[in-house]
Amino acid sequence: MKTLKGQPISPGYAEGTAFVYDRGPGNGVPRYQIGRNQVDSEHGRFHQAIERSAEELQSLRSKIKSELGQAEADIFAAHLSLLHDEAFRQRTRERIERDLVNVEQAVDAEVSDLARALEEVESEYIRERAKDVQDVKRRVLKHLGHGPEEELKRLPAGSVLVTRELLPSDTLGLDREHVTAIVMEHGGETGHAAILARAMGIPAVTGVAGATEVIEPGSHVHVDGQSGEVTVSPNEEAESAFVSVKARQSNEATHTVEEEYTGPCRTQDGTDIRLYANISRPEEASQPEMKSLEGVGLFRTEYLFLGQPIPPIEAQQEEVYAAIASAVAPRPAVIRTLDLGGDKKPAFLTDSFEANPNLGMRGLRFSLAERDLFETQLRAIARTALKGNVCVLFPMVLGVDDFLTAAERFRQICHELELDDVPPIGAMIETPSAVFELDRIATEADFLSVGTNDLVQYVLAADRNTEGLTGRLGVHPAVVRVLQQIAEGAAAAGREACVCGEVAGAPTFARLLVGLGFRALSMAPRRSPAVWTALFESNLAQLENTARRAVECRNENEVSDILEAAGATLT
Ligand code: PEP
Ligand code: MG
């Protein structure tokens with residue numbers, strides 16, 4: 001038995017069989033020797049993977065040709081010509097036969113040699129082709145059943161996913177039914193993998209140093225999403241202790257949902273708090289918890305774009321937005337425009353390089369630079385508004401100027417589509433500059449949405465994707481004070497400010513937010529019963545008193561102590 005310690009990022013207890021997913025550089029390519037009698041079957045696998053890759057590229061090429069035009073479709077011509085290149089095929093077959101290695105290893109070696117040769121050429125155009133060659137390799141490996149995304153789509157039932165890190169794009173195809181828990185070496189509490197794990201109710205632990213080395217694939221693992229402990233090959237004593245704690249937790253969860261959680265959320269003294277849902281996929285708008293929520297407070301549209309070789313066209317986007325709007329109708333659905341960048345890189349942008357993506361082309365900055373992409377999305381949202389109750393929200397707003405540029409464009413599009421009423425337009429407050437510009441933004445925006453995940457990252461200069469940089473959920477006094485400032489600024493301008501960062505879904509922090517003056521919170525639907533109950537049991541005067549004391553704190557521990565003493569433990 002081995003016990004490893006990490007940081008809990010999604011609560012709950014779970015056990016299962018370790019599935020070690022290693023996506024570091026050079027990994028994901030299985031390497032093994034083969035016997036001489038296996039050469040023919042490896043050649044057969046190679047032939048089949050090449051044929052399937054070619055078929056896939058052909059259909060991608062025709063789809064792009066009809067949607068975007070010939071020039072864009074020609075990008076794939078280079079990929080296809082490599083697949084059809086007889087010299088490439090012949091050299092790969094020879095490697096298999098000469099070195100007696102599996103086909104994945106032979107393809108990897110052949111492509112690496114080719115890419116290196118191309119990278120040394122003086123012409124920039126030819127150097128760029130090295131990327132095409134790598135792309136072809138990924139595709140062929142995928143069809144050999146060993147692409148990283150493919151592995152995640154076919155996890156055995158009862159898997160504890162053990163990984164260095166999990167990117168948002170990895171999570172797209174994740175076989176959720178089969179994942180009981182997630183153990184990561186890296187990744188912050190408000191990073192997108194953690195957000196997703198909490199939204200799905202999968203216990204998760206991060207910061208487990210060397211997990212992918214230490215945990216043997218196939219070993220039995222316990223994951224404690226409360227304490228951050230990961231036990232590998234537990235002995236009998238640990239096994240029975242785990243079983244009883246797990247049973248207790250599931251009783252408590254059932255009690256909360258069934259007995260307490262009904263109707264709108266109201267504190268003991270009658271203050272109404274509006275609870276909304278954060279969702280990333282249309283199907284999440286139909287979760288059972290939605291019935292007690294006031295609508296969708298945040299739809300993260302970037303998940304529609306992440307796994308795609310080309311961005312979804314207007315009609316595809318409209319279909320998704322309309323499905324969400326109708327699932328929650330007549331309640332509103334807030335559709336946030338693309339927040340690409342940071343750790344959210346779509347497949348069609350994999351070639352772009354940024355030394356520090358969280359300070360690069362993200363959110364509205366990206367959208368304003370990519371006008372076509374942005375306007376297509378605005379049109380799809382405006383068209384949805386012809387039929388449903390939607391609001392539009394811009395992410396990573398820096399100030400009144402970028403907000404107005406985007407809002408004006410949206411208004412024009414609504415005008416062109418002859419909409420009688422322009423849907424409400426909101427600004428996310430998640431950069432320090434937006435806080436300094438709050439009075440001006442609040443005058444122009446119809447509503448505000450406070451993204452604490454990014455706000456904490458930028459206020460504390462602490463990368464949200466790195467574990468252990470901030471106290472739990474960033475309960476630093478500076479964060480409490482900046483939130484107080486936002487609540488006051490929004491109230492002075494008469495605008496509703498809804499907090500949609502992860503803190504809103506943590507009962508103790510949700511109480512602080514209400515004490516600071518917020519009356520709207522948006523969170524993963526699964527987390528709403530606990531928040532609902534915590535607020536239902538509270539009294540506004542007490543919450544305001546706690547908030548006043550929290551604002552005076554001088555360090556994170558003082559804030560945590562006050563919040564814990566005021567009610568519950570941090571979730
Ligand atoms: C936030 O930053 O708090 C937020 C809600 O947006 P995202 O997590 O998608 O960046
Ligand atoms: Mg954000």
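Quick caveat, the model's predicted, so the values are computed rather than measured. The first residue of the sequence shown is numbered 1, and numbering continues consecutively from there. One-based numbering, in listed order, for ligands and for the atoms of each.
Electrostatic pairing of Glu496 and Arg274 counts as a salt bridge here, judged by a charged N lying under 4.0 Å from a carboxylate O. One finds no salt bridge joining Glu189 and Arg464 here, because no Lys/Arg side-chain nitrogen approaches an Asp/Glu carboxylate oxygen to under 4.0 Å. Between Arg549 and Glu558 there is no salt bridge, since no side-chain nitrogen of the basic residue lies less than 4.0 Å from a carboxylate oxygen of the acidic one.
Because the distance cut-off is set at 2.8 Å, Asp454 qualifies as a neighbour of the Mg ion (ligand 2) through one of its N, O or S atoms.
A side-chain hydrogen bond (donor to acceptor under 3.5 Å, both in side chains) with His186 is found for exactly one of Glu165, Glu467, Arg164, namely Glu467.
Panel note: side chain Glu318, backbone Glu314; no donor-acceptor pair is recorded below 3.5 Å.
Among heteroatoms of the N, O or S kind in Glu430, OE1 lies nearest the Mg ion (ligand 2).
Taking a 6.0 Å sphere around CG of Asp401, one finds it holds 12 or fewer heavy atoms contributed by other residues, nucleotides or ligands.
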Just do the side chain to side chain donor-acceptor pair (under 3.5 Å) check on Gln377 and Tyr321 with the steps written out, would you? CA-CA 10 Å; Gln377 181 169 42; Tyr321 306 152; 3.0 Å; yes
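Contact residues of ligand 1 (protein heavy atom closer than 4.0 angstrom to a ligand atom; sorted by chain and number): His192, Ile195, Leu298, Arg300, Arg336, Asp339, Lys344, Arg362, Met428, Glu430, Gly451, Thr452, Asn453, Asp454, Arg464, Cys500, Gly501.
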